[in-house]
Amino acid sequence: MKVHEYQAKALLSSFGVPVPRGKVAYTADEAVEVAKELGFPVVVKAQIHAGGRGKGGGVKLARSAEEAESIARAMLGMRLRTHQTGPEGRIVRRLLVEQGMDLAGSREMYLAMVVDRARESPVFMASAQGGMDIEEVAAKDPKAILMETVHVAAGFQPFQARKLAFGLGLPASTLARAVTFMQAIHRAFEALDASLLEINPFLMTRDLALLALDAKLSLDDNALYRHAELKELRDFDEEDPLEVEASKYGLNYIKLEGGDVGCMVNGAGLAMATMDIIKLAGGSPANFLDVGGGANADQIRNAFRILLADPDVRAVLINIFGGILRCDVLAEGVIAAVRELGVKVPVVIRMKGNNEEKGKAMLRDSGLNFTTADDMSEAAQRVVAAAKGAK
């Protein structure tokens, strides 16, 4: 689950990470009031779940109330496009109004924590080249990225923070504060069950103060049951409507760009294999949809409804291994969904396992126009052909 910059900074501040003073505003009038409270100049930042906002016109400096109002009115409601939003962009619905910083003589660096699957541990990263895309830095100069693996039991140690601080070339007088800053980041990362915490830029001002000038935070939604208060930070406007709808029913759904074959599968591994075999057959999957092993007929019906709400879907492949989810339960849900929704696209079903014959009999006796297949390769070839024929 992603959160906005102002939310990330509020959370970091509660763990002792220094951040600039600022407040969120939902209207131009609120933005002016916050700006007057902070004192000019102020920075007005569009709040969307994407990076590169400055390049897209989503970060601007205001030196007066009139400027703040003009900027806020122009930003609110605008469709902000960045390299992370894609051409469709994101609608700006809220702004962060923050105290302006004198960057003359300051240094912009980079700090982050992320879960590294290769190391099977959290990793603390730092770079002296802040204020730009870390991917670009890594591509041009991999040695510019400093990394410290965080032991899952021992945690992030002071000597590791000092090592990173020395690597960044921080003055000796700031060393103790830098260690405290990094340890606060680690405490926040661990306590919030974060999957990513990025400070870019990590700022050292002319008078050697250390600040998180920007902050990006992603939380592990599998751990939200431990953080009831964090659920309130979720901004549904920033998420795909179909993904939001799927989450209401405990379905793991992700829309994919450019595909036309809708996929409904039980089990993440089988879902990945299904998407691969569709590509191998010359097609393109429109989504990832894992209904899970314990899905019931009602979940199947809702999954099918969400699947077909995507206008790009021209054919559907249902690939089910009947283990925990019985084939007859799948058939019951699919038949109910097709009768309720009046499905107009071809549906190819491949099922194997528990109550397979009963499920197939239910499909045959339904009187509905399903295409069945005995193996994944055959199913993929049939659904790809059906999708191409529907164009």
Exercise. Hey, is CD on Glu120 packed in by over 12 heavy atoms from elsewhere, all under 6.0 Å?
Worked result: no

For this session: Could you tell me which non-hydrogen atom of Met182 sits nearest to which non-hydrogen atom of Phe124, and how far apart they are?
Result: O-CE1, 3.5 Å

For this session: With side chain to side chain contact (heavy atoms under 4.5 Å, CB included) as the test, would you mind laying out the steps for Phe370 and Ile335 before giving the verdict?
Result: CA-CA 10 Å; Phe370 296 118; Ile335 291 167; 4.1 Å; yes

Exercise. What are the two closest non-hydrogen atoms of Met113 and Pro122, and how far apart are they?
Worked result: CE-CB, 3.9 Å

Problem set entry | Lys360 atom NZ: more than 12 heavy-atom contacts under 6.0 Å | yes

Problem set entry | Val92 side chain reached by Ile48 side chain, heavy atoms, under 4.5 Å | yes

For this session: Kindly give the heavy-atom pair with the smallest separation between Arg119 and Val123, and that separation in Å.
Result: CD-CG2, 3.5 Å

Problem set entry | Closest heavy-atom pair and its distance - Leu61, Val42 | CD1-O, 3.3 Å

Exercise. Will you find, in the side chains of Thr27 and Asp29, an N or O donor that is under 3.5 Å from an N or O acceptor?
Worked result: no

For this session: Determine, for Arg226 against Asp220, whether the closest basic-nitrogen to carboxylate-oxygen distance falls under 4.0 angstrom.
Result: no

Exercise. Taking atom types as modelled and ignoring hydrogens, do the side chains of Asn319 and Arg350 form a donor-acceptor contact shorter than 3.5 angstrom?
Worked result: yes

Exercise. Name the one of Lys45, Arg21, Lys60 that satisfies salt bridge (charged side-chain N to carboxylate O under 4.0 Å, His left out) with Glu98?
Worked result: Lys45

Problem set entry | Salt bridge present between Arg301 and Asp298 (N-O < 4.0 angstrom) | yes

Problem set entry | Atom CG of Asn369 with >12 non-hydrogen neighbours under 6.0 angstrom | no

Exercise. More than 12 foreign heavy atoms under 6.0 Å from NZ of Lys352: is that the case here?
Worked result: yes

For this session: Determine the minimum heavy-atom distance between Asn287 and Cys263, stating which atoms define it.
Result: ND2-O, 2.8 Å

For this session: Kindly state whether the ring of Phe156 and the ring of Phe189 have centres lying under 6.0 angstrom apart.
Result: no

Exercise. Taking C-beta and beyond as the side chain, do Arg177 and Leu208 meet within less than 4.5 Å on heavy atoms?
Worked result: yes

Exercise. Between Asp240 and Lys255, is there a side-chain N and carboxylate O pair less than 4.0 Å apart?
Worked result: no

Exercise. Donor-acceptor pair, Gln381 side chain versus Glu378 backbone, under 3.5 Å?
Worked result: no

Exercise. Charged N to carboxylate O under 4.0 angstrom, Arg94 versus Asp237?
Worked result: no

For this session: Looking only at non-hydrogen atoms, find the nearest pair between Val17 and Ala212 and report the distance.
Result: CG1-CB, 4.1 Å

Exercise. Does Arg305 pair with Glu245 as a salt bridge, N-O distance under 4.0 Å?
Worked result: yes

Problem set entry | Student check: side-chain heavy atoms of Val343 and Val316 closer than 4.5 Å | no

Exercise. Does a donor on one side chain sit under 3.5 Å from an acceptor on the other, for Asp235 and His49?
Worked result: no

